[in-house]
**Student:** 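The structure is given below, and queries will be raised subsequently.
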Amino acid sequence: MEREKAEKRVKELQEMLHQYNYEYHVLDKPSVSDEEYDSLLRELLTLETEFPEFQTSDSPSQRVGGTILEMFNKVEHRTPMLSLGNAFDEADLRDFDRRVRQAVGDSFTYVCELKIDGLAVSLRYEDGLFVLGATRGDGTTGEDITMNLKTIRSVPLRLKDSVTIEVRGEAFMPKKSFEALNEAKVEREEEPFANPRNAAAGSLRQLDPKIAASRNLDVYVYSLADAGETGIDAHSEALDYLDRVGFKTNNERKKCSTIEEVIEYVESWNTKRPELAYDIDGIVIKVDETDHQEQLGFTAKSPRWAIAYKFPAEEVATRLLDIELNIGRTGVITPTAILEPVRVAGTTVQRASLHNEDLIREKDIKLGDYVIVKKAGDIIPEVVNVLVEKRTGEEQDFHMPTHCPECESELVRIEGEVALRCINPKCPAQIREGLIHFVSRNAMNIDGLGEKVIAQLFHENLIEDVADLYKLTKEQLLELERMGEKSADNLISAIDKTKSNSMERLLFGLGIRLVGAKAAKTLAQEFDHMDRLASLTKEELTAVHEIGDKMADSIVTYFEQPEAMELLQELKNAGVNMAYKGPKKVSADDVDSYFAGKTIVLTGKLEEMSRNDAKAAIEQLGGKVTGSVSKNTHLVIAGEEAGSKLAKAEELGIEVWNEARMLEEIQS
Ligand code: IVH
């Protein structure tokens with residue numbers, strides 16, 4: 001196509017796609033089919049590839065997710081992103097109403113809105129174009145997630161008015177999309193997200209915008225950060241205005257003139273909330289008129305003209321079908337309630353830990369009981385209590401076994417502990433759990449080796465200990481159910497790759513009692529090699545600040561076992577690395593480098609080194625690398641096309657180096 005025609009067609013396609021997108025994702029009234037939309041988008045993508053000069057930053061093509069970022073830049077909010085005070089019951093709401101009336105009298109209006117359960121985002125538009133999107137962060141400084149927010153179809157890339165404004169809203173994942181995402185994750189044996197809020201936050205905190213693009217996120221805009229010259233003098237007008245210029249606002253909002261009406265609204269949504277397509281965790285109540293808002297003002301953290309009513313944690317009744325016993329890798333037996341599946345706060349719950357026998361006695365839990373279930377901290381399912389009045393007499397007492405359900409050795413209760421333990425070191429359940437721990441994400445992190453495959457390998461006697469993993473052959477793997485040539489090859493190479501892991505992964509993977517991932521890292525940094533660690537005395541270990549008596553005892557005891565040393569030898573024979581490979585722990589006084597003890601900001605494009613490598617090198621030399629320039633910054637290293645950070649450094653009189661100067665220092 002010739003240039004001129006192409007330019008015209010690109011513009012036309014962009015306009016059409018903007019409109020169709022708006023109709024579908026904001027108005028919920030599509031006027032063309034998905035196929036038609038996709039075919040127009042493909043046409044646009046092709047033309048923009050051929051004529052990149054016509055691609056604009058607000059083109060609908062930007063929604064597919066562009067280049068992968070190296071890190072998120074910090075963004076200082078022009079107006080702070082505050083939080084709200086909370087109300088937990090009717091009395092709190094009436095107190096709020098009293099305070100408002102005292103300050104502004106009786107003639108005012110409330111606007112009640114759903115409190116969407118997601119994460120707060122700030123969107124900046126300049127002359128109608130979306131230029132910056134950020135997370136809340138600490139309220140003053142957030143992170144630049146523009147690329148990810150552009151992939152959300154309800155976020156307008158261009159407004160219907162060419163205004164310069166900043167708006168605030170809540171990014172979230174609808175319940176259905178969350179469920180589909182988690183199902184796919186479970187299918188791939190990945191850890192599912194705990195709730196839609198975490199899923200939304202997790203998707204927006206990815207450096208690769210293609211991930212956010214694939215996640216079906218949405219945004220409801222709930223405020224205009226600064227009305228500026230718009231002449232708007234009430235929150236409800238601001239929302240209507242935001243609607244008009246192309247944003248998606250939530251339509252369930254309601255104006256109320258008395259606190260009674262507010263309470264009615266709150267109560268009705270507490271009942272209706274399961275029907276919504278997205279999660280809400282409360283109701284936000286705002287004084288509508290801007291002049292009244294100004295009169296009320298702010299406390300240090302939040303406006304006095306608004307409050308968030310938080311719904312009580314959802315509690316649901318269901319039946320306790322059974323109590324299952326799980327044996328952990330340390331031999332602790334944990335009873336788990338098997339429940340009739342029930343929806344609680346956004347996900348289906350069918351299991352809840354009962355922790356130990358004492359708790360079962362305390363709550364008087366019997367098999368077959370109706371129980372009340374909630375999610376503690378909104379995440380972990382918990383049995384709150386038993387509905388004694390629903391008992392029929394058929395319920396049965398539960399007793400913990402005296403012997404291990406897996407290896408039948410006698411269980412013991414260690415003094416001072418409530419837990420029952422199987423202390424047979426050869427207990428198959430413990431070994432299996434130990435293997436699962438060894439391959440897990442924070443340990444050796446063997447890709448594609450989930451619980452199911454481990455259980456099969458163990459069951460087929462193909463592995464007895466972690467060293468056996470490194471002896472597996474493709475032929476052996478092919479014997480497993482549902483294991484094809486390609487998966488077997490992938491698995492072998494994934495296992496092989498982990499031989500070169502740095503020491504802390506292996507150390508954590510060994511599952512030494514009390515040695516968590518963080519302690520493993522400290523120990524590896526401090527002692528460099530597994531052989532060295534294995535030879536230390538308790539005193540040498542406790543000399544490290546973070547290592548206490550109990551952990552030191554546990555480490556010494558572990559390496560005193562001949563079996564442990566044999567296992568290490570086997571791992572070495574298999575070629576597994578025993579040395580620490582990460583950056584050495586440096587204290588600022590140990591290094592003779594200009595960077596030592598300094599706070600340094602990297603900005604612009606580096607030519608010779610990736611930004612991550614430069615950061616690691618500076619940290620190795622005792623420097624601290626941060627994302628934003630402030631008066632506490634000692635040095636700014638500016639690559640090509642450095643922008644606002646360089647300008648700020650110059651304004652504050654901070655020393656600036658180019659990349660070559662940085663390399664000189666790193667290599668000296
Ligand atoms: S207004 C000055 N309205 O709830 C603060 N917040 O602490 C203005 N939220 O993190 C917030 N839905 O992200 C407001 N309709 C709504 C909201 C809402 C959800 C979130 C917000 C903030 C928290 C309040």
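Only a predicted model underlies this, so the values are computations on that prediction, with no experimental measurement involved. Atoms within each ligand, like the ligands themselves, are counted from 1 in listed order.
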**Student:** What atoms in ligand 1 come closer than 4.0 Å to a heavy atom of S83?
**Tutor:**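 Result: 7 (O).
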**Student:** How does R168 reach ligand 1, if at all, at less than 4.0 Å between non-hydrogen atoms: by side chain, backbone, both, or neither?
**Tutor:**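 Near ligand 1, R168 shows nothing, with every heavy atom at 4.0 Å or more.
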**Student:** When you compare the side chain of D58 with that of H18, does any pair of heavy atoms fall below 4.5 Å?
**Tutor:**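 Result yes, sub-4.5 Å side-chain heavy-atom pair found.
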**Student:** Any nitrogen or oxygen of K286, side chain or backbone, less than 3.5 Å from one on ligand 1?
**Tutor:**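 In this structure, K286 places an N or O atom under 3.5 Å from an N or O of ligand 1.
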**Student:** Look at atom 10 (O) of ligand 1 and say which protein heavy atom is nearest, naming residue and atom and giving the distance to 0.1 Å.
**Tutor:**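 For this ligand atom, the closest protein heavy atom is A120 CB, 4.0 Å.
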**Student:** How far is atom 6 (N) of ligand 1 from the closest protein heavy atom, and which atom is that?
**Tutor:**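 The answer is Y222 CZ, 3.5 Å.
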**Student:** If you have a sec, work out which protein heavy atom is nearest atom 9 (N) of ligand 1 and how many Å separate them, to one decimal?
**Tutor:**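 Checking every protein heavy atom, the shortest distance to atom 9 (N) of ligand 1 gives E170 OE1, 3.6 Å.
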**Student:** If the cut-off is 4.0 Å to any non-hydrogen atom of P303, which atoms of ligand 1 fall inside it?
**Tutor:**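 Ligand 1 atoms under the 4.0 Å threshold to P303: 2 (C).
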**Student:** For R441, I'd like to know if atom CZ has over 12 heavy atoms of other residues, nucleotides or ligands within 6.0 Å.
**Tutor:**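 Open: at most 12 neighbouring heavy atoms sit under 6.0 Å from CZ of R441.
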**Student:** Tell me which part of L114 gets within contact of ligand 1: side chain, backbone, both or neither, using heavy atoms under 4.0 Å.
**Tutor:**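 Just the backbone.
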**Student:** Under 3.5 Å, N or O to N or O, is L82 touching ligand 1 that way?
**Tutor:**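 So ligand 1 has no N or O lying under 3.5 Å from an N or O of L82.
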**Student:** Is any side-chain heavy atom of I307 closer than 4.5 Å to one of N86?
**Tutor:**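 The answer is no; the side chains never approach within 4.5 Å.
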**Student:** Under 4.0 Å between a side-chain nitrogen and a carboxylate oxygen: does that hold for E619 and K615?
**Tutor:**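 Salt bridge present between E619 and K615.
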**Student:** Under 4.0 Å from ligand 1, counting heavy atoms only, is it the side chain of E113, its backbone, both or neither?
**Tutor:**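 Side chain only; the backbone of E113 stays clear of ligand 1.
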**Student:** Got the closest protein heavy atom to atom 8 (C) of ligand 1, with its distance?
**Tutor:**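 Among all protein heavy atoms, the one nearest atom 8 (C) of ligand 1 is L84 CD2, 4.1 Å.
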**Student:** Is the distance between the ring centroids of Y110 and Y265 under 6.0 Å?
**Tutor:**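 Between Y265 and Y110, the centre distance exceeds or equals 6.0 Å.
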**Student:** Any idea which protein heavy atom is nearest atom 4 (O) of ligand 1, and the distance to it?
**Tutor:**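 The closest heavy atom on the protein side is K115 CE, 3.2 Å.
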**Student:** Of the backbone atoms (N, CA, C, O) and the side-chain heavy atoms from C-beta on, which set of V284 has a member under 4.0 Å from an atom of ligand 1: side chain, backbone, both, or neither?
**Tutor:**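 It is the side chain that touches ligand 1; the backbone stays farther off.
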**Student:** Would you check, one step at a time, whether the test side chain to side chain contact (heavy atoms under 4.5 Å, CB included) holds for M81 with R168?
**Tutor:** CA-CA 8 Å; M81 289 182 78; R168 304 278 155 81; 3.3 Å; yes
**Student:** Among all protein non-hydrogen atoms, which one is nearest to atom 12 (N) of ligand 1, and what is the separation to 0.1 Å?
**Tutor:**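 Nearest protein contact, heavy atoms only, for atom 12 (N) of ligand 1 is I116 N, 3.1 Å.
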**Student:** Compute the centroid of each ring, for Y20 and then for Y37, and state whether the two points are separated by less than 6.0 Å.
**Tutor:**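 Ring centroids of Y20 and Y37 are no less than 6.0 Å from each other.
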**Student:** Give a yes or no on whether the ring-centroid distance for F193 and F178 is below 6.0 angstrom.
**Tutor:**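 No, too far apart.
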**Student:** Between F298 and W305, how do the two ring planes meet: parallel, tilted or perpendicular, split at 30° and 60°?
**Tutor:**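 Rings of F298 and W305: perpendicular, as their planes differ by over 60°.
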